[in-house]
A.B. asks: 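I am attaching a structure below and will ask some questions about it afterwards.
Below, chain A is the first sequence line, B the second, and so on; all start at residue 1.
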Protein chains: 2
Amino acid sequence: MDERVEKTPDTTLHHRILADVENRILSGEWPPGHRIPFEHEFTQQYGCSRMTVSKALGDLVRRGLIERRRRSGSFVAYPQVQSAVLEIQDIRHEVEALGLAYAWRPQGRTLRVARAEDRNRLDLPPRARVLAVTGCHYAGRRPFCHEDRLISLRAVPEAENEMFDDNIGPGTWLLRKVPWSAAENRISAVSAEPEIAATLGIAAGTACLVIERRTWTADQHITQVRLTYPGDRHQLVAAFTPSQSS
Amino acid sequence: MDERVEKTPDTTLHHRILADVENRILSGEWPPGHRIPFEHEFTQQYGCSRMTVSKALGDLVRRGLIERRRRSGSFVAYPQVQSAVLEIQDIRHEVEALGLAYAWRPQGRTLRVARAEDRNRLDLPPRARVLAVTGCHYAGRRPFCHEDRLISLRAVPEAENEMFDDNIGPGTWLLRKVPWSAAENRISAVSAEPEIAATLGIAAGTACLVIERRTWTADQHITQVRLTYPGDRHQLVAAFTPSQSS
DNA sequence: AAGTGGTCTAGACCACTTT
DNA sequence: AAGTGGTCTAGACCACTTC
């Protein structure tokens, strides 16, 4: 009680408010459905302005811990949907982060007018031209992941002259060439087909983790890729409610 | 230019700023590394205060589209890590959302002092008591997902008297009993073992999607669960850069 | 030394929703 | 009708970083 302990904030005020409320929720002191204090009550308790409280509570909404309703107040949310954050790296970085040498070895490269199957993967207009690329990513000497990719030449015309041979995979190449994009990932499990199994050096039928990703910019689809990982060697980790925000 | 067109904002100002910047980035007009205008330039352009600009740019940082550095400015980020948002539902809701009847059928229930294997799954002190539960979730008449769960009786003592028989799976039960929690998910692919394959009605060795989830509250571990989905029937969808925020 | 973003204030008006 | 949260302002001080 003596000595000005207030000297070292060491953290921001809105972060302290956020952490305090979060602890009360995670400890069970404030169960789901519980009405937490109003903004003006927090301002009194912490001796701060409404905006500071508002920022903290807004972050809690973003994390899914509370819901806010006008005229009613703010309530602890019922945890029905867990929105987890999944970090998806570029494969080159993924491999190098493991301390292994990265390599890309191309297998096939086909230029063609989009078939019905292609247009299904990429949502293209009729007669659009696409580039289909297959190959394998290596971590050290072991196959790491098989790639089967479709690139829209309308979105990335430069790809037509690119051979993807000198250890630069199409994913890495596109990352440099196409400025920014949004994506959707679908994750599933499949039994490896014979050709892919041979590439990966596993028995046909082995369970594999498959990530299918569609990527687009503001107005058009760029690429669709099907990445096949040997299931027993790869794990995706998604942490829910990470400790950081703001 | 005539008529006050300013009448209908129809959206908030900070959201308009955010959308404008996002479009410039996704269209490629502002490539990675590009320095975007300073806050005070935005305030002039939009005729607003700094806090409004700050909120918009802060949201863009959260989405991973820009990075901000003091004294230097704000820059379009290099898209190396895609942090995708994965929505993980309670299985009951997942099934009912498909318009199918949900059912839970228990298979095994064992009360025991934690073995080494159990303590590895749940990070418990020696001699802690745990409840192991196995069973299957059904969508309509078809098996939907096999569950293999470990519950810490230290964290949830009431579970000792719970039988999990009347269509309330342990996940749903825990969701009601334990107020709020954080979790970590690990996603991988495995070949179905004979017993699980029999439960799911698939051939042994079929590729399955496995989600392993550990859940804890502020201070202690609650439960660990291993969910096995038939790989060809289930997909996880993770959207990157969703259109909403704030 | 100067300029950036990070934080915060003490107000204000408004939209929405429940009473 | 009243009270909540949502948005916004026009300032302010500070920390950090590059100059």
A.B. asks: Rounding to a whole Å, what distance do you find between B:Arg68:CZ and C:dG3:C1'?
C.D. replies: 14 Å
A.B. asks: For A:Thr215, check side chain to side chain donor-acceptor pair (under 3.5 Å) against everything at least two apart and list the hits.
C.D. replies: none
A.B. asks: If you take any heavy atom closer than 4.0 Å to DNA chain D, which residues from residues 35-47 of chain B end up in contact?
C.D. replies: B:Gly47
A.B. asks: Nearest whole Å is fine: how far is D:dA10 C1' from B:Met51 CE?
C.D. replies: 12 Å
A.B. asks: What is the distance, to the nearest angstrom, from the CD atom on B:Glu67 to the C1' atom on C:dG6?
C.D. replies: 17 Å
A.B. asks: For B:Phe75 and C:dT4, what is the distance between atoms CZ and P respectively, to the nearest whole Å?
C.D. replies: 11 Å
A.B. asks: Stem list for DNA chain D, please, built from Watson-Crick and G-U wobble pairs under 3.5 Å and keeping only runs of at least 3.
C.D. replies: C:1-18 with D:1-18
A.B. asks: Do you know the tightest heavy-atom contact between B:Leu209 and A:Ile187?
C.D. replies: CD2-O, 3.9 Å
A.B. asks: When the distance from CG of A:Leu57 to P of D:dG6 is rounded to whole Å, what number comes out?
C.D. replies: 9 Å
A.B. asks: Can you tell me the distance, in whole Å, between the CG atom of B:Leu60 and the P atom of C:dG6?
C.D. replies: 12 Å
A.B. asks: Keeping to residues at least two apart or across chains, list the ring pair (Phe, Tyr, Trp, His ring centres under 6.0 Å) pairs with something in residues 35-68 of chain A.
C.D. replies: A:Phe38-A:His40
A.B. asks: Heavy atoms only, 4.0 Å cut-off, all strands: where does A:Leu13 land among base, sugar-phosphate and nothing?
C.D. replies: sugar-phosphate
A.B. asks: Would you mind writing out the side-chain donor-acceptor pairs for residues 91-102 of chain B within the sub-3.5 Å range, not counting sequence neighbours?
C.D. replies:
| residue | atom | partner | partner atom | Å |
| --- | --- | --- | --- | --- |
| B:Arg92 | NE | B:Glu96 | OE2 | 3.4 |
| B:Arg92 | NH1 | B:Asn167 | O | 3.4 |
| B:Glu94 | OE2 | B:His234 | NE2 | 3.2 |
| B:Tyr102 | OH | B:His137 | ND1 | 2.8 |

A.B. asks: Going by side chain to side chain donor-acceptor pair (under 3.5 Å), name the residues that satisfy it together with A:Tyr138, two or more places apart in sequence or in a different chain.
C.D. replies: none
A.B. asks: Nearest whole Å is fine: how far is C:dT9 P from A:Lys55 NZ?
C.D. replies: 12 Å
A.B. asks: Measure across A:Ile222 and A:Leu122 and return the closest heavy-atom pair with its distance rounded to 0.1 Å.
C.D. replies: O-CD2, 4.2 Å
A.B. asks: Considering residues at least two apart in sequence or located in another chain, which fulfil the side chain to side chain donor-acceptor pair (under 3.5 Å) criterion with A:Arg68?
C.D. replies: A:Glu39, A:Ser74
A.B. asks: Restricting to side chain to side chain contact (heavy atoms under 4.5 Å, CB included), what partner residues turn up for B:Pro32, sequence neighbours left out?
C.D. replies: A:Pro179, A:Trp180, B:Tyr78, B:Pro79
A.B. asks: Could you pull out all residues at least two apart from A:Gln220 that satisfy side chain to side chain donor-acceptor pair (under 3.5 Å)?
C.D. replies: none
A.B. asks: Restricting to pairs with a member in residues 155-178 of chain A, which pass ring pair (Phe, Tyr, Trp, His ring centres under 6.0 Å), not counting sequence neighbours?
C.D. replies: A:Phe164-A:Trp173
A.B. asks: Below 3.5 Å is the cut-off: list the nitrogen or oxygen pairs between protein and nucleotides 12-18 of chain D, distance only.
C.D. replies:
| residue | atom | partner | partner atom | Å |
| --- | --- | --- | --- | --- |
| D:dA12 | N6 | B:Arg50 | NH1 | 3.2 |

A.B. asks: Consider the side chain of B:Thr12, meaning its heavy atoms from C-beta on, and name the nucleotide among C:dC8, C:dT9, D:dC8 that approaches it most closely.
C.D. replies: D:dC8
A.B. asks: It should be established whether A:Thr52 places a side-chain nitrogen or oxygen under 4.0 Å from OP1 or OP2 of nucleotide C:dT9.
C.D. replies: yes
A.B. asks: Can you pull out every salt bridge (charged side-chain N to carboxylate O under 4.0 Å, His left out) where at least one residue sits in residues 214-224 of chain B? Sequence neighbours excluded, please.
C.D. replies: none
